[in-house]
Number of protein chains: 2
Amino acid sequence: MREGPDIARIASLVGDPARANMLNALMGGTALTASELALEAGVSLPTASSHLSKLVEGGLLTLASQGRHRYYGLAGPQVAGMIEAITGVAEAVGPKRVRPGPRDGAMRIARVCYDHLAGEQAVEMLDRLVEKNILVRDDKEIRLGPSAASHFAAIGIDVYTKPRRPVCRACLDWSVRRSHLAGTLGAAILDKILAEKWARREKDSRAVVFSPPGKQAFERVFLG
Amino acid sequence: MREGPDIARIASLVGDPARANMLNALMGGTALTASELALEAGVSLPTASSHLSKLVEGGLLTLASQGRHRYYGLAGPQVAGMIEAITGVAEAVGPKRVRPGPRDGAMRIARVCYDHLAGEQAVEMLDRLVEKNILVRDDKEIRLGPSAASHFAAIGIDVYTKPRRPVCRACLDWSVRRSHLAGTLGAAILDKILAEKWARREKDSRAVVFSPPGKQAFERVFLG
DNA sequence: ACAACGGTTCGACGCCGCTCGAACCATCGA
DNA sequence: TCGATGGTTCGAGCGGCGTCGAACCGTTGT
C-alpha cells in the first residue's frame, strides 16, 4: 500500500461519463458555459453544475466569471495531456468497436455536433472555406477573412449578430480526426442547411442525410 | 455529446482506490500475484480478485498463469504512460498536502513497504550496498554481486532460499523519489531488523522506529 | 422596479459497485 | 490419494454518488 499523489481521486473525476463528455468537449481549448456543457454531456443543468463544481474543486477545470456567464475551461495543458493519454489507451484497448469513429456510416458522413455540422462533409467545407480565404486559420484559431461578411450575407447569414459566443470555433471531428467549423457561424450554416431542406435529421440520431439536390446545393454554395 | 473512445470506462477503472494502488504497485514493471496485490491495495483476496478481473477485462492488465500462481502485470508502456500522466496531474493539482511524501516524519525516515523497508534509510542502504559492490545495478535491475552470498551469510541471511519471487527488486520510494531494495532479500533484511529488535513497528502505522543502539547496529552492518 | 435568463443549491430517490465471508476449484507436494 | 495453498465465484449487505425537480440567487435589459 504505497503512498503517493491521489491518482484515484483524479481518475474518478474523469471516470464519470457525463464529466468525461464535458472534458472531451473542452479539449478544443475554448471555454464553454455550463448550459453548453450540460448539452454536451446530455444531462440536466443542475447535474452539470454539480459535476462542474467537482471538476473545478478537483483542479481539472478553471472558472472565469463574466457577467452572468460562467466559462469553464481546462486547467492547463497538463490536464489536456492526461486526457489525451487516457484517450489513447481507451482507443488502443477498446477495439471492440471495429471501425473507428461513429458506428453508423451516415453519421460518419454528416451529423449534428451540438448545434453545428460535423463529419466528412463538414471537414471538407471548412477546408474549402479556408482555401478560398473566406476564413483564416492561424494556429488553432479560426477567424473571418476579408470577404467573409459579403460572402455569407449573400446567402442570408449575418456573421455579426449574437456576439455572445465566438463566431468561429474549431471542433475536432472524431471520425475524421480533423477540425470542422463550430461557433455561431457553424450553427448558422447548419440552420441554413435544415431551413433550405437540403438535408433532414435522422430520427433519434445525430445523423444528417442530404437529399441529392440538397447535396448539390450545399456543394455549390460552400464547396464551389 | 461528442463520440469517441470510452475514456470514462478506462478512467473509472483507475478511479477506484484499491485498483489505483494495484496499478501503482505494478508501475515497478514486475508482475505480482493476486495475494501480493491484495496486500498492496489493502483489501481482501476476493475483492482483489474481482478488481483484477476488471482490470484485465478492461485491457489495463495482462495475466500470466504459471502453475498455481497467476501473475498480473501492466498491459504495456502506453498504460504506464497514462498512469504517469494521471500521477503528474494529481501531484500538480493536489498541493493540499504541503510536504511531498508520507505525512508523518517518522514514516519518511523508515517504514514498511509491504514486506521490506522503505524510506530514507532504505534508500541509503541500497546506495551503500551498490557502492560496496555487494549488489549490482544495471539499468533498472538489481542483481547479486560476487561477495553477496558470503556477506549476507555472515549476518544470517541466505540469499538462495525461496526462489519463488525475485531475490532483488527495485521499489520506487515515494518520499525520496529514488529506489530502495525489495524482493526476498529486502524482506529478509526487514525480518532481520525486527528480529534483532533494532527497531519496532509503530502501532497501526507503517512507520518503523529504530532504537539508538539499533540504529547503530543497522548502520554498522548495512552502511559500514 | 420588474421580468427574463443563466446558474447554483437543496432534498429526495434510486442504482451501481465496492466489500467481505463462505464455499468452491485448481494446482502442487507428500 | 489426501491435505495445503493460491485464486475465483457466489451471495448479501450497504454506502456513496449520480440524477433530476423545485426553489433560490445574481445579473442584464427594459
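The shown structure was predicted, so the numbers you read here are calculated from the model rather than taken from an experiment. Naming convention: chains lettered A, B, ... in sequence-line order (proteins, then strands); numbering from 1 in each chain.
Nucleotide C:dC24 holds its C1' atom 14 Å from the CG atom of B:L45, rounded to whole Å. Remark: C1' of D:dC20 and CG of A:L52 are 16 Å apart, rounded to the nearest angstrom. Spacing between atom CG of B:L32 and atom C1' of D:dG7 amounts to 15 Å, rounded to whole angstrom units. Distance B:Y71 OH to D:dG7 C1': 13 Å, rounded to the nearest Å. Between the C1' atom of D:dG6 and the CG atom of B:L63 lies a distance of 13 Å, rounded to the nearest Å. Counting to the nearest Å, the P atom of C:dG17 and the CG atom of B:L55 are 14 Å from each other. In this structure, A:L61 places its CG atom 16 Å from C1' of C:dT8, rounding to the nearest Å. Computed from coordinates, the A:E57 CD to C:dT9 P distance equals 12 Å when rounded to whole Å.
Scored by the side chain to side chain contact (heavy atoms under 4.5 Å, CB included) test, A:S53 finds no partners at all (sequence neighbours excluded). Remark: A:T62 engages A:A75 in a side chain to side chain contact (heavy atoms under 4.5 Å, CB included) (not counting sequence neighbours). Remark: B:F222 pairs with B:F218 by the ring-ring contact (aromatic ring centres under 6.0 Å, His included) rule, at least two apart or across chains. With sequence neighbours left out, the side chain to side chain contact (heavy atoms under 4.5 Å, CB included) criterion links A:K54 to A:L13, A:R19, A:S50. Under the side chain to side chain contact (heavy atoms under 4.5 Å, CB included) criterion, B:A199 pairs with B:I193, B:V208, B:F210, not counting sequence neighbours.
Within the structure, every side-chain polar atom (N or O) of A:Y72 is placed at least 4.0 Å from both OP1 and OP2 of C:dG6. Remark: B:R70 is not in phosphate contact with C:dA26, judged by side-chain N or O atoms under 4.0 Å from OP1 or OP2.
Looking at A:T47, its side chain never comes within 3.5 Å of a backbone N or O of A:V43 through a donor-acceptor pair.
Of the candidate nucleotides D:dG7, C:dT8, C:dG21, C:dG21 has the atom lying nearest to any side-chain atom of B:P46.
Residues B:T33 and B:Y71 form a side-chain contact, since some pair of their non-hydrogen atoms from C-beta on lies under 4.5 Å apart.
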Dump the pairs, protein N or O against N or O of nucleotides 16-19 of chain D, anything under 3.5 Å, distances to one decimal.
residue	atom	partner	partner atom	Å
D:dG18	OP1	A:R19	NH2	3.0
D:dG18	OP2	A:K54	NZ	2.5
D:dT19	OP2	A:H51	NE2	2.5

